Amino acid sequence: MNVHAAKPEILGLTGIRGIAALMVVLYHFHPLFVTLIPAWQVFAPVGKVGLLGVDVFFVLSGLILCHVYDADTRSHSVFAHLRFLWLRLARIYPNHVATLAAMAVVLGGASLAGTTLGGNYPVDQLHSHLAMTHAWVRSPGQEWNYPSWSISTEWFAYVYLFPLAVAWLHLRVPGWVHLAIALYLTQSWLYIANGGWPRDLFPILRILCGFWAGVSLYGVWKRTPRVAAWCQRHATALLLAFLATVLVLPAFLARAPDLMMIVMPLLLLGLTADGTRAARWLGSRPMLWLGRVSYALYLTHAVIERLLEWWLPAAAFATAPLAARVGLVALYWVLLLGSADLLYRFVEEPARVWMRNLRPRRDRLGEVRP
């Protein structure tokens with residue numbers, strides 16, 4: 001299999017990534033917005049559901065990777081897997097290192113200025129962050145660039161779960177089995193999160209449920225065209241239902257997260273076709289831009305949060321005139337979206353292109369060399 005063969009971008013799935021990133025940002029920035037605009041408290045239920053944006057990313061990861069790398073037909077060779085890992089490293093590592101360095105600069109500057117920022121930043125654990133293994137065997141907590149715990153678990157999925165997915169998809173399991181697994185796993189995480197599982201296992205259990213649900217959705221897409229076609233025909237209704245479970249229903253219905261995790265996999269299947277209204281909206285220029293910078297936004301928002309805690313703390317403006325507080329919220333968004341765009345343009349894309357062009361080759365003994 002030629003891993004360089006470009007697949008057309010599925011615009012609807014790119015756009016939904018932007019919504020998932022906004023969900024996570026709203027979850028973490030909710031306390032700041034409430035401090036500045038107390039009426040924002042009405043969105044508290046929405047903020048809680050926002051944390052599930054991470055699970056949308058995980059399911060998308062399994063689905064899109066299986067599509068891009070033809071998981072049901074690709075080679076099982078060690079060389080093919082090493083090449084896959086290199087390409088994934090090119091995708092996630094530059095932003096991870098850049099935001100980790102940015103967080104260190106913010107923390108160092110605040111320390112020199114005599115300001116102590118929230119969170120825990122153990123120097124003796126930096127090596128595991130650089131190796132992206134920091135969330136493999138323990139609960140991530142608020143350490144360094146705290147959203148990167150999910151990048152660590154993504155790396156776990158690339159190393160261990162993706163080759164299992166390739167083998168699984170080669171078994172030609174019926175599509176209805178894949179659908180049942182996808183729906184079961186997206187629900188399972190909610191029960192695991194509310195149960196008595198050891199907290200140290202949560203990151204790996206979460207990626208296992210989400211990533212494998214995405215793998216199963218790919219199986220549905222390829223094995224059960226009727227189900228995929230039904231979801232594609234109803235993609236607009238599924239998108240509206242998804243947005244309702246994120247923006248409206250949490251204020252009235254305690255089980256809104258359960259509904260969201262049922263609708264979400266069906267919506268992702270529906271967005272695999274570009275011709276629907278939902279896909280066209282999510283593939284519009286603003287949504288496409290948001291989707292493309294979503295990874296950068298996800299990793300930079302914690303750095304911006306700490307920077308604001310140092311330079312423009314919300315508590316210091318809690319009694320300022322309303323116009324000033326609204327202006328400060330607007331400034332927060334400018335910093336969030338602006339920093340994401342800069343990281344995407346000047347780090348993520350150039351570094352990814354450079355690393356992807358470093359194609360490994362085999363020498364005469366069959367060893368892989370850069």
Side-chain angles (χ1 to χ4, degrees), residues 21-22 24-33 35-36 54 57 89-136 138-155 203 289-290 292-317 327-355:
L22 286 180
V24 178
V25 171
L26 288 171
Y27 172 81
H28 287 128
F29 271 71
H30 179 77
L32 298 182
F33 293 157
T35 299
L36 292 170
V54 176
F57 276 123
L89 195 69
R91 175 70 177 89
I92 66 174
Y93 201 62
N95 276 8
H96 171 62
V97 173
T99 49
L100 186 62
M103 182 65 84
V105 170
V106 170
L107 293 171
S111 179
L112 290 175
T115 302
T116 301
L117 302 182
N120 180 34
Y121 310 95
V123 176
D124 62 348
Q125 292 178 12
L126 265 177
H127 67 282
S128 63
H129 285 257
L130 290 171
M132 294 190 296
T133 60
H134 53 289
W136 285 19
R138 57 186 169 78
S139 185
Q142 295 214 354
E143 301 170 346
W144 295 97
N145 189 24
Y146 62 81
S148 71
W149 72 267
S150 66
I151 308 307
S152 172
T153 59
E154 284 272 0
W155 183 239
W289 170 81
L290 185 61
R292 287 172 178 165
V293 304
S294 60
Y295 176 50
L297 175 61
Y298 179 76
L299 281 183
T300 55
H301 81 272
V303 180
I304 297 300
E305 183 182 7
R306 293 292 175 256
L307 182 65
L308 293 173
E309 185 182 350
W310 171 24
W311 278 356
L312 294 170
F317 297 88
L328 191 59
V329 170
L331 178 60
Y332 283 7
W333 279 110
V334 169
L335 291 173
L336 284 165
L337 297 176
S339 62
D341 187 72
L342 290 174
L343 185 67
Y344 174 76
R345 291 176 183 273
F346 296 105
V347 176
E348 181 178 335
E349 278 299 286
R352 177 164 56 172
V353 170
W354 178 74
M355 291 180 68

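What you see is a predicted model; the values in this text were computed from it and never measured. We're numbering straight along the sequence, starting at 1.
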What pairs of donor and acceptor atoms, side-chain ones from residues 327-339 against any protein atom, are under 3.5 angstrom apart with sequence neighbours left out?
{"from": "Tyr332", "atom 1": "OH", "to": "Leu312", "atom 2": "O", "distance (Å)": "2.8"}
{"from": "Ser339", "atom 1": "OG", "to": "Leu335", "atom 2": "O", "distance (Å)": "2.8"}
{"from": "Ser339", "atom 1": "OG", "to": "Leu336", "atom 2": "O", "distance (Å)": "3.0"}

Query raised in the report: What distance separates Thr133 OG1 from Gln125 CD, expressed to the nearest 0.5 Å?
Result: 10.0 Å
Requested in this report: Of all the heavy-atom pairs spanning Ala135 and Pro203, show the shortest one and how long it is.
Outcome: O-CB, 3.4 Å
**Report entry** Trp354 side chain to Ala90 backbone, donor-acceptor under 3.5 Å
**Finding:** no
Requested in this report: Starting at CG of Leu343, measure out to CD of Glu349 and round the result to the nearest 0.5 Å.
Outcome: 10.5 Å
Requested in this report: Please tell me if the side chains of Leu297 and Tyr344 come closer than 4.5 Å, counting only heavy atoms from C-beta onward.
Outcome: no
Query - Side chain Tyr298, main chain Pro147, donor-acceptor under 3.5 Å - result: yes
Query raised in the report: Okay, side chain of Tyr295, backbone of Ile92: is any donor-acceptor separation there less than 3.5 Å?
Result: yes
Query - Set of residues satisfying side chain to side chain donor-acceptor pair (under 3.5 Å) with respect to Glu154, sequence neighbours excluded - result: Ser61, Tyr158
Query raised in the report: Do the side chain of Trp136 and the main chain of Ser152 share a donor and acceptor less than 3.5 angstrom apart?
Result: yes
Requested in this report: May I ask you to test the Tyr93-Leu130 pair for a side-chain heavy-atom distance under 4.5 Å?
Outcome: yes
Query raised in the report: How far apart are the closest heavy atoms of Ser150 and Val54, and which atoms are they?
Result: CB-CG1, 4.2 Å
Query raised in the report: Restricting to pairs with a member in residues 89-109, which pass salt bridge (charged side-chain N to carboxylate O under 4.0 Å, His left out), not counting sequence neighbours?
Result: Arg91-Glu348
Report task. Nearest 0.5 Å please: distance from the CG atom of Leu22 over to the CG atom of Leu290. Result -> 4.5 Å
Query raised in the report: Parallel, tilted or perpendicular for Tyr146 and His28, by the 30°/60° rule?
Result: perpendicular
**Report entry** Rounded distance [0.5 Å steps], NE2 in His134 versus CD1 in Ile151
**Finding:** 8.5 Å
Do any side-chain atoms of residues 97-115 form donor-acceptor pairs under 3.5 angstrom with protein atoms, and if so which ones, sequence neighbours left out?
{"from": "Thr99", "atom 1": "OG1", "to": "Asn95", "atom 2": "O", "distance (Å)": "2.7"}
{"from": "Thr99", "atom 1": "OG1", "to": "His96", "atom 2": "O", "distance (Å)": "3.2"}
{"from": "Thr99", "atom 1": "OG1", "to": "Asn145", "atom 2": "ND2", "distance (Å)": "3.2"}

Requested in this report: With rounding to the nearest 0.5 Å, note down the distance linking CZ in Arg306 to CH2 in Trp144.
Outcome: 12.0 Å
